[in-house]
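Read the structure below first, then the notes.
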Amino acid sequence: MSDTPNEHLAGILSDFEGTAAGLETDSFTSMEDREEEDAGIMTENIKEESKADQSLQEDRLEAHAKTEENESKEEAEQVEADLKVQLCEPFPGLQTGLIRSADLFGYVGIESVLDQMRRKTVKAGFEFNIMVVGQSGLGKSTLVNTLFKSKVSRKSSTPNYEEKISKTVRLHAVSHVIEEKGVKMKLTVIDTPGFGDQINNQNCWEPIVKYVNEQYEKYLREELNVNRKRRIPDSRVHCCIYFLPASGHSLRPIDVEFMKRLGKIVNIVPVIAKADTLTVEERQEFKERIRQDLEANGIHVYPQRELDEDPEDRILNDRIRASIPFAVVGTDKEHQVNGHKVLGRKTKWGIIEVENVAHCEFANLRDLLIRSHLQDLKDVAHNVHYETYRVRRLNESNMNLSELVLSSWPLQNKMDKCETESHL
Amino acid sequence: TMASSDVARQPDKGARPLSLAGHVGFDSLPDQLVNKSICQGFCFNILCIGETGIGKSTLMDTLFNTNFENFESSHFEPQVKLRAQTYDLQETNVRLRLTVVNTVGFGDQMNKQDSYQPVVDYIDKQFESYLQEELKIKRSLHNYHDSRVHACLYFISPSGHSLKSLDLVTMKKLDSKVNIIPVIAKADTISKSELHKFKIKIMSELVSNGVQIYQFPLDDETVAKVNTTMNGHLPFAVVGSTEEVCVGNKMVKARQYPWGVVQVENEQHCDFVKLREMLICVNMEDLREQTHSRHYELYRRCKLEEMGFKDTDPECKPVSLQQTYEAKRQEFLLELQRREDEMRQIFVQRVKEKEAELKEAERELQSRFEQLKRRHAEEKATLEEKKRLFEEDQSSFNKRKAATQLLQAQNMTANGKKDKDRKK
């Protein structure tokens, strides 16, 4: 017998949880349903009064009573067939029924919003955080410096004996502000010296995973503050370039392990470093094997297939996916070739022109990373990876904040109602 | 381990500016961003507050060069209501989802004390809806249809004298929730000199009552000049019309009177062009940004503080949201526990009462049983007595019978003997 009050409460709680779960799919309906329940008696009274008095006004009053949209729909239909106005409670899902498309009879100036947006974003400036991961000596710093045509990354000095034997991967973030044609960007390069350099590289990705998650955590905390900054400082890793040595064979275990783990939490762009040791044919074969390895191990690199939004996107991204990983060569030295100054590596057998697509794929990488997909990298980091982290964190700490926000007022009502309905 | 606060300090440590050795290509970033926005489309929501018949709908039609579905409202609405309609507009490649919200019945009631309330409620509801989405665990903010009010056009009656108290009260209630742009409606009923005095009176009344209207922003040099000028022309005196009149050799939007033609787009006649310029062509993006970063943040902050969330505890040490949440959750669970105990007590009480009832019934039954038993015993005793008497009777009867028989037998033998004796 003593179970009954518990059962009853469990019933209330499960109702509440059910509503909270319902929040995930259709928050507004639940809240409005609750309002309706509470306002139920009131609206019934109103209906009765209006039925007594048949005037149009009363019907319209009823139609626009601030309760459910459905109710007003019914009444409006009954009373005024030609009026299609509803009290708009805009929210996703129900919106589609209410939107009409209207034709403009002349120029309004709406398209100037593009310019306004451009002005504002340029004024605010941009941030970009790029991480480079790979064994030492693969030319990470050189590549980043070549990409951004400036010394944004310091080449790490050769570690001495003690450092080589020490067992940690150190992370090192350096920020610079660079400007081009009025566009200011704060570029942060996160270097990972020590990765893959130890004798035992077990778990060498852990400090990196930790760093990536820490940045998400920092952002999340700021976002959850009551008093928060207008612009939340963004230190989240937008892009992680993973350097594969040009072995010409296939992915090594360390490559697979790293990319598997990091691919889930950050945008990974794998590149074949120091690709001037591969002939064009060797390069193609190597790339193909790598692509197969990636697929076989379920590794999702950027641009991720599941994020393609529409067929157009898919076609574009398929093309990119068919050419990664880019085989790159980096340098900061310039040489004279055919009367032009070019960035290149001079060897006894010729000059490797870095920006020549016939020689290596540096230009492709640069175009993808910077000229066309930089904003997209940030967007994916924000809308996908960060959100995934957020969901996990909020679930972990059992924090359903929206539930709590809602709970502050309707819970009282629901509890009281249940008490009066009990048949004890 | 790197505490998140440590990492926070690094990027803020003045990133050094660096010059580029050549063209990198991130100057395309604003374009990348703008292109993404074009794909997504824009949202803009305008709230029009004004008395019935003041020209809200006409002005919207004129501003957006289109024919929105309009309804004439009666003057007999018992309460102020809001009517929202959403439209999909397109100009070149820009898609705008415009929501126009009109007050219905504003200023018509005898008692206008609470007229502002439905408007405040509507605005708050849109903020609430956004907040709910933002606090969800699985949320989809970049897909969310933003229904928050970006601009509020307050229509002032062209009395030529001063603001009505309803105007002041309403605007005061709204100035911290929405960007207010006051306009003088039907400005073709005021003469130029009267208009000048009217504008000055209105602005001074606003200032002396502490009403914060929207100021066109001056922080961007590109538009600072024009915005400063326009700020000086507030409130805009507007005339709306979708009808066209032939003036010279052009068809222009105008209102035809016997004494002349008021041209809507003639800056000598009214400020319509200024309004369109400011509202749409120059500051639409700023209106959206202010709504999000100022008005919404204020709402969010107040709401969270109301619920007891703080960023720092009484000793000004930072409180993680998790701690506050846990505390609230404890509170909530305690309340639940209290209710449960209450319910259990009530239940136990009822059970006791029921038990008492049953006991009472049992006792009654028992006593009746006893009664019956007693009666039964009595009757049995009586019957036993009767039986005994009867048996006594029977035995005495038998005795007498036996005695009689004996006597008879004796008599017979005596008689026989006598007979025998006589014969002898």
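Here the structure is a predicted model, which is why all the values come from computation and not from measurement. No hydrogens, no waters, no symmetry mates; every other heavy atom, side chains included, goes into these values. Residue numbers begin at 1 in each chain, while the letters A, B, ... track the order of the sequences.
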Does B:Arg95 have any side-chain contact (heavy atoms from CB on, under 4.5 Å) partners at least two apart in sequence or in another chain, and if so, which? B:Gln90
Are there more than 12 heavy atoms of other residues, nucleotides or ligands under 6.0 Å from atom NZ of A:Lys151? no
Is there side-chain contact between B:Pro30 and A:Val183, with heavy atoms separated by less than 4.5 Å? yes
Below 4.5 Å from any heavy atom of chain A, which atoms of B:Val94 appear? Answer side chain, backbone, both or neither. side chain
As an exercise: rank A:Ile178, A:Val152, A:Thr121 by heavy-atom pairs under 4.5 Å with chain B and give me the winner. A:Ile178
B:His23 versus chain A, heavy atoms under 4.5 Å apart: side chain, backbone, both or neither? both
Check whether B:Glu277 gets within reach of chain A through its side chain, its backbone, both or neither, counting any heavy atom under 4.5 Å. neither
So which residue, A:Arg231, A:Glu334, A:Lys181, ends up with the most heavy-atom pairs under 4.5 Å with chain B? A:Lys181
Within the 4.5 Å heavy-atom criterion, are A:Leu374 and B:Leu29 side-chain neighbours or not? yes
Sort A:His382 into side chain, backbone, both or neither according to what part of it lies under 4.5 angstrom from a heavy atom of chain B. neither
Can you tell which of A:Asp367, A:Leu147, A:Val122, A:Asp376 has the highest number of heavy-atom pairs within less than 4.5 Å of chain B? A:Asp376
Which atoms of B:Asn45 come close to chain A, meaning under 4.5 Å heavy atom to heavy atom: side chain ones, backbone ones, both, or neither? neither
Side chain, backbone, both or neither: which part of A:Asp379 has an atom under 4.5 Å from a heavy atom of chain B? side chain
Are any non-hydrogen side-chain atoms of B:Val223 and A:Arg119 less than 4.5 angstrom apart? yes
Where on B:Arg301 is there a heavy atom nearer than 4.5 Å to chain A: the side chain, the backbone, both, or neither? both
If you count heavy-atom pairs under 4.5 Å with chain A, which of B:Ser140, B:Pro17, B:Cys302 comes out on top? B:Pro17
Counting heavy atoms not belonging to A:Glu309, are there more than 12 under 6.0 Å from its CD? no
Is it true that, when you exclude B:Gln345 itself, more than 12 heavy atoms of the residues, nucleotides or ligands shown sit nearer than 6.0 Å to its CD? no
Does any heavy atom of chain A fall under 4.5 Å from the side chain of B:Phe26, the backbone, both, or neither of them? both
Which residue out of A:Glu223, A:Lys378, A:Arg366 racks up the most heavy-atom pairs below 4.5 Å with chain B? A:Glu223
Please classify the contact of A:Phe126 with chain B as side chain, backbone, both or neither, using a heavy-atom distance under 4.5 Å. side chain
Residue selection (most heavy-atom pairs with chain A, distance under 4.5 Å) from B:Asn93, B:Asn35, B:Asp219: B:Asp219
Given that the side chain runs from C-beta out, which part of B:Ser19 has a heavy atom under 4.5 Å from chain A: side chain, backbone, both or neither? backbone
Please classify the contact between B:Leu63 and chain A as side chain, backbone, both or neither, with a heavy-atom cut-off of under 4.5 Å. backbone
Please report the interatomic distance CG(A:Asn383) to CG(B:Leu141), rounded to the nearest 0.5 Å. 8.5 Å
Within the supplied structure, the quantity of interest is the number of heavy atoms (other residues, nucleotides, ligands) at a distance under 6.0 Å from B:Lys354 NZ; does it exceed 12? no
Where does B:Asp286 contact chain A at under 4.5 Å (heavy atoms): side chain, backbone, both or neither? both
Residue A:Arg118 versus chain B: region with a heavy atom under 4.5 Å: both
Spatial distance of atom CE (A:Met117) from atom CE (B:Met284) [nearest 0.5 Å]: 11.0 Å
Proximity breakdown for A:Glu111 and chain B, heavy-atom pairs closer than 4.5 Å: both
Engaged part of A:Leu187 at the chain B interface, taking heavy atoms whose separation is under 4.5 Å: neither
To the nearest 0.5 Å, what is the distance between CZ (A:Arg390) and CD1 (B:Ile137)? 7.5 Å
Do B:Glu305 side-chain atoms and A:Val226 backbone N/O form a donor-acceptor pair below 3.5 Å? no
Evaluate the side-chain proximity of B:His292 to A:Arg230: yes if any heavy-atom separation is below 4.5 Å, no if none is. no
Name the region of B:Tyr130, side chain, backbone, both or neither, that has any atom closer than 4.5 Å to a heavy atom of chain A. neither
Applying side chain to side chain donor-acceptor pair (under 3.5 Å), can you list everything that pairs with B:Lys253, at least two apart in sequence or on another chain? B:Asn65
Does any backbone or side-chain atom of A:Thr388 lie under 4.5 Å from a heavy atom of chain B? Answer side chain, backbone, both or neither. neither
Residues B:Leu20, A:Glu180; criterion side chain to side chain contact (heavy atoms under 4.5 Å, CB included); working and verdict: CA-CA 8 Å; B:Leu20 303 173; A:Glu180 198 169 57; 3.9 Å; yes
